[in-house]
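This report refers to the structure that appears directly beneath it.
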Amino acid sequence: MPQLLSNEARALIDREVAKYPAEHKRSAVMGALRIAQTEHRWLSEELVAEVADYLQMAPVAVYEVASFYNMYDLKPVGRYKLTVCTNLPCALSGGVTAAEYLKQKLGIGFGETTADGKFTLVEGECMGACGSAPVMLVNNHKMCASMTPDEIDKKLGELE
Amino acid sequence: MTVYVKGIVFENVDFDLPRCWSIDQYIQRGGYAALKKIVAEKIAPEAVIEEVKASGLRGRGGAGFPTGLKWTFLPKGYVGQKYLVCNTDEGEPGTFKDRDILAYNPHAVIEGMILAAWATGATVGYNYIHGEIFELYQQFEAAIEEARAAGFLGDNILGSSFSFQLHAHHGYGAYICGEESALLESIEGKKGQPRYKPPFPAVVGLYGKPTIINNTETFASIPWILRNSGQEFQALGKPNSGGTKLFSVSGHVNRPGNYEIPLGTPFAELLDMAGGMRGGKKLKAVIPGGSSAPVLPADIAMNLTMDFDAIAKAGSMLGSGAVIVMDETVCMVKALERLSYFYFEESCGQCTPCREGTGWLYRIVHRIEHGEGRPEDLELLASIGDNIAGRTICALGDAAVLPVRGMLKHFRDEFEYHIANKRCLVG
C-alpha cells in the first residue's frame, strides 16, 4: 500500500510520541490525527488505519478517538473549513448574524461545502474566546476575532 | 480585551508589548524568582503547601476546591511516578480567561507547575490545551522550550537534584474533557469519557498513578503567592474567597473582556469597568459563572458581590468566573434553547440520564421557543431535570439541568407566555 503520511508528518508524530512514557505511545494519537488531518485535510479510513499502524494501535481504537472529538473530519471538507461559534455568549454579540451572513454569501448551510470545493461551513461550540465574538476558526487552527460582515468579506477575500 | 485592575496573574504585564509572553519579559516582571528562592534555600515541600493553604486559593476552573488541600490528597509516603496536569481545556461558554493567560503570561503557568511539582513530588506534567486555541498551544510549546533552555525545566533544575518534565497536549473539540477524569482519559489517547470517582485522580490518576490536576489560573497564581505570601494573597480578597480573580465578561456590555479584580468586588462595579450596558439598554439578567451557572435577574445581580459565598447565597455559582450579561431584548426561552442544545451536543453519551435527558431538555425548550409548547412542558422539564441531576458519573448532567432550573425559577412567566401565546414576550 502506498504511504499516505509524509516523512515530515511522521517526524512530527515522533515528536508527539516522545512526550509520553514509552509504554503509553497511544497518548500521541490526538496529536498524530491532527498532524495527519493537517496534511490531508480530512481523515479517510486508510489514513486512520495508517496512523493506527504507526502507533501500533487497533484501527478501531484510533477511529473511536477520531469520531469522538469534533475537530477531526471523517468526511471530505473544502479547502477552507470555516467554523463559527453560535453559542449564547457569541450569539449575544453577533455570532448568529455572522453564521447567517456566511450561509447567504457562500450559498451553503452548516455541514455543507461549496460546489467548487473551496469552503465548508461548520457550526461550532464554545471556542473559549467569547470576549472577541463573533469568532471564526479557519481550518481548525487559525482563530479570527470580531467577524462582522465586513471582516468576513475581508477574510474571505484573503483566502485563495 | 484584557484589563488588569488589581491582582496577581497579570501584575505588571504590558499587554501591548508584542512579546510580553516571552521569558525575558516574565523574568523582568519578577518571574522565576520564587523558583530560584525555593531551590536555593531548599524550602521543604510541606512549607510550600502550607503557604498555598494560607493563601485561601480555591480552584479557578469552576469547582472552587481549596488548592493547598488538594495537594495533600496524594498518598502519603508513596514512592513512584506522580503526575501533574494543568487543565487549559477552557470550553465553558462565557469563559475565556485561560486563553489570555496563555497568550500574555504563559510562564506564570509554567513556573506555577514547577513549584507545584516541587511541593508534590511529581516529576512529569502535562498542560492540556483546548484544541480551538491551537496557536496558543504552539506558543506554549515555545515557552516550554524557553524555560528548558534557561534551566528552569528538565533534569537537575538550576543545578539541583530536582527534575521536572513538562509537555503540552491539545484537545480537539470536546467540552467534556474539561472534566478532570475525562481529560486524563483523553491524555491516555482515548475518548474523553469521565471515570467513576472515587478513586479520585490524586490516588489513581494519569496512567493509574497519583495525579494532581489544577486549572490554568490556579497554577498561574502560585508564583505570586510564593514570591509574596499566602497571607497577602488572602488579604486581597474576602474570607473564604482569597485573592483576586479573572472575570470574563461577555454579552451586552460595551467592553467585553477579562477583568482581574479582587474577589468580593460588587457586580455593579464590574459592569461599570466593562463599559456598562451596550447601547444604554436595561440589564435583564446575568449568568455569573459560566453557562452551567443558574441565571440571576438584574435586581439580584446588581446587589451581588463577586465571590464564592455571595453568589452561592444568591442561588447561583461563581464557577469559572464567566459573566454573561443580557439586556432587556433577550428572550430567555431562546437563550435557554441555545444552552440546552450545547449540553445535548456535548454529552459524552456514557450515562443514560445525561445522554437521553439532555436531548429531551433541548427538544422541549426548542418546541416552546417555536410555538409548539404544551401546558405540561414546564413540569416535564422539571421532572426530567430531577432524573438527570445527581444520577450521572460526572457533573455535565447537573450542568445541563442548572440553567433550566434557574430560568424556570426567575423567568417562568416568559416560558408560560410562550406556551400560551405561541410567541415571545420580548418581541
Derivation of the side chain to side chain contact (heavy atoms under 4.5 Å, CB included) call for A:H141 and B:Y137: CA-CA 10 Å; A:H141 296 167; B:Y137 163 83; over 6 Å; no
Are [X] and [Y] side-chain neighbours, meaning at least one heavy-atom pair lies under 4.5 Å?
X: B:Y207; Y: A:E23; result: no
X: A:M143; Y: B:R99; result: yes
X: A:Y69; Y: B:C177; result: yes
X: A:N87; Y: B:R338; result: yes
X: A:R15; Y: B:E141; result: yes
X: B:E132; Y: A:M71; result: yes
X: A:N140; Y: B:Y172; result: yes

Residue part contacting chain A, namely of [X], when any heavy atom lies under 4.5 Å:
X: B:I324; answer: side chain
X: B:I176; answer: side chain
X: B:E346; answer: side chain
X: B:H130; answer: side chain
X: B:V330; answer: side chain
X: B:S248; answer: neither
X: B:I287; answer: side chain
X: B:C348; answer: both
X: B:E135; answer: both
X: B:R255; answer: neither

Give a yes or no on this: more than 12 heavy atoms of other residues, nucleotides or ligands lie within 6.0 Å of atom [atom1] of [X].
X: A:Y80; atom1: OH; value: yes
X: A:E39; atom1: CD; value: yes
X: B:K209; atom1: NZ; value: no
X: A:K154; atom1: NZ; value: no

What I want to find out is whether A:R26 reaches B:E188 closely enough, with some N-O distance under 4.0 Å, to be called a salt bridge. no
For A:S27 and B:Y126, test the side chains for any donor-to-acceptor distance below 3.5 angstrom and give the result as yes or no. no
Using 0.5 Å steps for rounding, measure from the CD atom of A:E125 to the OH atom of B:Y341. 6.5 Å
As an exercise, state the distance from NZ of B:K334 to CG of A:L88, rounded to the nearest 0.5 Å. 10.5 Å
Please report whether the ring centroid of A:Y20 lies less than 6.0 Å from that of B:H169. yes
